[in-house]
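Okay, structure first, notes after.
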Amino acid sequence: MVCPLCGGNSIGKVGNSQFYCWDCFVEFTLQKNKVTVYEVGDDGSLLPYNREQSQIIAGGS
Ligand SMILES: [Zn+2]
């Protein structure tokens, strides 16, 4: 598992199919073959991360 944004592996698992990138400071979820990225707000809430989201596809197997 690598970060869908930076491709790095500084990934922490924060929940079931839910991960956090320590480089990008974003959370992302993996559902089937789709990765959804969230920004983490100042209050800890998750905000949709829209930039290039449509191009993010989980690769490989
Ligand atoms: Zn990242």
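Bear in mind the structure is a predicted one, so any value in this text is a computation, not a measurement.
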Side chains of [X] and [Y] in contact at under 4.5 Å (non-hydrogen atoms):
{"X": "Y49", "Y": "T36", "value": "no"}
{"X": "L30", "Y": "M1", "value": "yes"}
{"X": "S10", "Y": "C3", "value": "no"}
{"X": "E27", "Y": "L46", "value": "yes"}
{"X": "L5", "Y": "C24", "value": "yes"}

Contact summary for W22 and Y20, nearest pair of heavy atoms: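 Smallest heavy-atom distance, with atoms named: CE3-CE2, 3.6 Å.
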What's the shortest heavy-atom distance between C6 and D23, and which atoms? SG-CB, 4.3 Å
More than 12 heavy atoms of other residues, nucleotides or ligands under 6.0 Å from CG of D43: is that the case? yes
Examine F19 together with F28 and report whether their ring centres are nearer than 6.0 Å. yes
List in chain and number order the residues that pass side chain to side chain contact (heavy atoms under 4.5 Å, CB included) with L47, two or more places apart in sequence or in another chain; answer none if no residue qualifies.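 Partners of L47 by the side chain to side chain contact (heavy atoms under 4.5 Å, CB included) criterion, ordered by chain and then number, come out as E39, S45.
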Is it possible for you to say whether V14 and F25 belong to one hydrophobic cluster, with membership spreading through side-chain heavy-atom contacts below 4.5 Å?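 Same cluster.
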